[in-house]
Each structure stands twice: as structure tokens, then as C-alpha cells.
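Note sheet for the following structure.
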Amino acid sequence: MSAILSTKDKENHGTMSLRQICFRFLSIVLVVITIYEVYYQQINSSSEELRQQARNGQKSSKYKSLTSKNFSMGNLALPGIDAESPVLSLKSLKDLVNTSRIGPLEYWEEALVSRKPVVEILEKAGIKVDLELLYRLPKWSDVADLYGSEPVILGTEHCEAYRKRIPAELRTAAIAGQFNTGTNALAMYFGQNLRMRENHGTGFAANVPWHKHGWVDLRGKYDFKPPKNVDQVLPVVVVRDPYGWMQSMCESPYLLNGHWHGENCPNLQNSLRSSTVPATLSLGKRLQHKRSWDSLVNVWSEWYGEYYDADFPRLMIRFEDVLFHTPKVMDTIRECVGGSWANDGFIYQTASSKGGKKYFEDIKPQSSMISAIIKYGQDNSHRRTRNMTTADLKFTRKVLDQRLLNAFHYKHPDELRK
């Protein structure tokens, strides 16, 4: 009897063990399924977040590790691709997306195609573009919507007459422009790339003799830099989108003073007095050259309008073209004055163009080539109209010189593609 009970107990014990094994197996399966679902949701969420950040031009915090993966078109390095390969293949792009687990592939294909001209600019400057930088770059359609797809240069019809009238050894192309228009960057491009062989100097100067920020009426009256004979100088005037320019002036006003710079800058109108807010510029060692304008908008319209209407030869170029069409702009300036290239290849200015002078210590770090392209190649979060009220926008549209907007292909905010 005891032998029989013992056998039954063993059978019952074996049966319970089998149930336990099945239960544990099912539990493991459920856990695996749950983990897979969570992981799948995270991947989808991450991909959607990445796409949304790409559309908004935001920096990713989740994919910082991608910066070590050199990713680009043309001759830039890509994991699994020969750096000398002239074309990025669809297969290579697909492999990278699958490896990085940040799909979908269609998004990255579109990102490459829509940003190709911008990527090529950075390529030529020797900048390697990774995935994170790629989706932060502006689409070329955004750049073209703001500024058009080709550079705008005014005054080239006077170049031949200038060359015939001024001997090569006396010719000088010299920079003029308001604050925050890239005059320092242009000066560095001059120094690195252009020469006037017949001139003992370079023939390309960072300042017109009457000061690069000086107004036209100071020509021949204020001897800030040589030469004294202003007729031998061809001013190269840098103009910039007025809306973006006002926002940069709010960040760094330099010597342009007034109550317009403060809270809610650009403060174009005094809401309490229903009047404009003047801006004043003083130049000279004793600040003896002083001028005031009714508002920041008036500064842009009148300062550039006087160069536009000038009766002496000058070139007028756009800040944005120095950024997006650099070699074309430099070649036009070089040809206009009869200069030559200083090097076999073009040298790009990729770092900040601001020097370490004491005057700039309290000014925030200036844009590098990459940050400038990202910032000024698109109008994210209505960058150009920040802090501007409806009254400010109406006032700006009324006061801005429409001739200049048309000539330089600049647009009011409501004229941009939605």
C-alpha cells in the first residue's frame, strides 16, 4: 500500500512540475512580447520626434552620438562609403538608416535632395556634415523663398568705366555697410582670396576712407582711412534683409544708440506718445560726426538709399549672397576692379569673423558659417519679426524703401511662402 501511495505521489509531483514549466514558459513569452512592444513604440516615437525636430530646425538631444558618424553627399565620409566616392548611393543611405535605427528612409532621401545645394556649400568649405547637422540645415526652397536662388549685385555696369579711369596701381575695392551686415567676414574673404598685383597693398580694403559705417555724405569729408582721393575707391556696399538686420541690431547695437534698444526691441514706435523712436550714430575720434534717424527702419532705408542713388561708381551686394553664393560674389568684385585670385583654390571663412578686440568683449559670440546658414537660411519661429507688434509691422511696410526691397529681392513677412 505504501509503495502504491509513493508511486501516486511521484506522479502528482511530476504533473505539478509540468504545469509550473508551462506557466513559466508562457510568462516569459508575455514578457518578451511586452518588451518588444515598448521597444517598437520607442523607436517609432524617436523617429517621429526626429522628423519633427528636423521640420522645426531644432537640435536633437537624443542623437548626439550621431555627430561622430560623418554623413554627407559628394566626397564627404559616410560609414561604409569610400570618402572619394562622388555620389551617395541609395543603398549606402539605406544601410546607414537601418544601422542607426532612425528611419524612415523616405525622410532622409527627401532631406538629402531638398538640402543638396546647402550641403554642397559646406562641402566646398571643407565642413563634414553628419546626420544631426543635415536635418538642421535649411531646405534650399526656404533659402530661395527668402532671397531667390541667384545672387543680386548692383552697379556692375560701371565697372568698365572705373577700370579705364583709374590706373590699376591705384584701384581699391573698399567695404561699406551698416553694423551686423557681415562686413568683417567680407574683409576676411578679401584678404584671403583677392589681390591687385599692380597695387603695393592688396587693392582690397576693409573700410572705405570715410568709414565703412559712415553715411554717403561723409565721403570726402571724414578721412578715416587712406586713400584721401576717394575717386580711386570703389565702395562695395553690403546690404542685408531689413527684418533680419533689425533683429541682429537688437542683439548687438554697437554704436547705433537710442531707446529703440531695450525691452521689446526694435521698438519702432512709442506707443505712449504715438511717435517714432530715434536712432543716433556718432563717428570720429571726438565723435564729431553725428547723425540721427527717426527710427531703426529709417536707418536702413535712408543709409542704403543714399548709396543706391549715389552718383559715383559702387557695387552693392547682399549679406546673404556672401553666405550662400560666396565664390560668385567674390569673382564679380575681383573682375570689376581688375584684380586676381590670391590662391589656386578658394578659401572659405568658416569660423567667427569677429576679432578678439577689447571693444567686442561685451558682445555675444558671433556666427560661424554653419550657425549663420542655419539661422539665416530659414525663418523659424518668425525670427525676422520677433517682438514686432502689428503697429510695428505696418510702420515698417510704410517706411521701408520699396525700391530697395524690389532691387534686392527682399520680402515682407506676409509675402513669404506659407
Side-chain angles (χ1 to χ4, degrees), residues 138 140-158 175-183 186 213 215-216 235-250 256 260 265-269 276-279 281 293-311 314-325 328-329 332 372 375-418:
W140 186 248
S141 59
D142 292 332
V143 176
D145 187 34
L146 284 167
Y147 316 117
S149 58
E150 294 294 331
V152 175
I153 302 177
L154 304 185
T156 55
E157 67 274 14
H158 301 298
I175 298 170
Q178 260 297 336
F179 301 101
N180 291 305
T181 57
T183 55
L186 181 60
H213 301 314
W215 46 97
V216 167
V236 180
V237 186
V238 189
V239 65
R240 181 178 170 187
D241 164 41
Y243 288 94
W245 174 75
M246 286 191 289
Q247 295 298 329
S248 290
M249 289 301 298
C250 288
L256 195 61
W260 59 270
C265 183
N267 290 309
L268 300 178
Q269 292 183 291
T276 57
V277 182
L281 175 60
W293 293 267
D294 289 342
S295 72
L296 202 58
V297 180
N298 292 88
V299 174
W300 190 92
S301 285
E302 295 174 28
W303 199 96
Y304 285 110
E306 291 165 7
Y307 269 108
Y308 184 80
D309 295 327
D311 58 1
R314 85 284 180 264
L315 291 180
M316 298 189 76
I317 65 175
R318 301 189 303 180
F319 157 81
E320 296 82 10
D321 291 334
V322 176
L323 189 61
F324 292 104
H325 302 281
K328 284 185 179 180
V329 173
T332 300
K375 185 175 183 180
Y376 305 125
Q378 51 201 335
D379 192 24
N380 284 341
S381 303
H382 304 290
R383 168 189 57 81
R384 300 163 71 231
T385 56
R386 187 172 58 247
N387 289 335
M388 295 183 71
T389 64
T390 301
D392 284 336
L393 292 172
K394 289 182 178 179
F395 176 78
T396 302
R397 178 179 279 275
K398 178 181 178 181
V399 174
L400 279 178
D401 191 332
Q402 191 61 44
R403 299 177 308 154
L404 300 181
L405 294 181
N406 293 340
F408 293 106
H409 299 181
Y410 289 135
K411 297 179 181 178
H412 293 290
D414 58 359
E415 295 173 345
L416 294 175
R417 174 176 49 83
K418 302 298 182 182

Side chain proximity check, [X] to [Y], heavy atoms < 4.5 angstrom:
| X | Y | value |
| --- | --- | --- |
| V237 | L154 | no |
| W260 | P278 | no |
| V297 | K398 | no |
| T181 | V239 | no |
| Q269 | K394 | no |

Taking it one step at a time, do F319 and Y376 satisfy ring pair (Phe, Tyr, Trp, His ring centres under 6.0 Å)? CA-CA 10 Å; F319 157 81; Y376 305 125; 5.4 Å; yes
For [Y], does its backbone N or O pair with a side-chain atom of [X] as donor and acceptor, under 3.5 Å?
| X | Y | value |
| --- | --- | --- |
| W303 | H213 | yes |
| R318 | F408 | yes |
| S295 | N298 | yes |
| N380 | K375 | no |
| K411 | D145 | yes |
| T276 | D294 | yes |

Could you walk me through whether V399 and W300 satisfy the side chain to side chain contact (heavy atoms under 4.5 Å, CB included) test, starting with their C-alpha distance in whole Å, then the side-chain angles of each, then the deciding distance to 0.1 Å, before giving a yes or no? CA-CA 10 Å; V399 174; W300 190 92; over 6 Å; no
Atom of [X], atom of [Y] and distance for their closest heavy-atom approach:
| X | Y | value |
| --- | --- | --- |
| F324 | G377 | CZ-CA, 3.8 Å |
| E320 | D241 | OE2-N, 3.0 Å |
| Y307 | P235 | CE2-CB, 4.4 Å |
| Y308 | R314 | O-NH2, 3.0 Å |
| G305 | L404 | N-CD1, 3.8 Å |
| C250 | P266 | SG-N, 3.6 Å |

Between D392 and R397, does a salt bridge (Lys or Arg N to Asp or Glu O under 4.0 Å) hold up when you go through it step by step? CA-CA 9 Å; D392 284 336; R397 178 179 279 275; over 6 Å; no
Verdict with reasoning, R240 to N180, per side chain to side chain contact (heavy atoms under 4.5 Å, CB included): CA-CA 9 Å; R240 181 178 170 187; N180 291 305; 4.0 Å; yes
With side chain to side chain contact (heavy atoms under 4.5 Å, CB included) as the criterion, how do F395 and T389 come out once you've worked through the C-alpha distance, each side chain's angles and the decisive distance to 0.1 Å? CA-CA 10 Å; F395 176 78; T389 64; over 6 Å; no
NZ or CZ of R386 within 45° of Y243 ring axis and under 6.0 Å: no
M249 vs L256, side chain to side chain contact (heavy atoms under 4.5 Å, CB included): CA-CA, chis, key distance, verdict: CA-CA 9 Å; M249 289 301 298; L256 195 61; 3.7 Å; yes
Interatomic distance, [X] atom [atom1] to [Y] atom [atom2] [nearest 0.5 angstrom]:
| X | Y | atom1 | atom2 | answer |
| --- | --- | --- | --- | --- |
| Y410 | D401 | OH | CG | 13.5 Å |
| L296 | M246 | CG | CE | 6.0 Å |
| L315 | T332 | CG | OG1 | 8.0 Å |
| N387 | H382 | CG | NE2 | 13.5 Å |
| H412 | L405 | NE2 | CG | 5.0 Å |
| E150 | K328 | CD | NZ | 4.0 Å |

Check each of W245, W215, Y304 against V299 using the side-chain contact (heavy atoms from CB on, under 4.5 Å) test, and report the only one that passes. W245
Step-by-step ring pair (Phe, Tyr, Trp, His ring centres under 6.0 Å) determination, H409 to Y147: CA-CA 6 Å; H409 299 181; Y147 316 117; over 10 Å; no
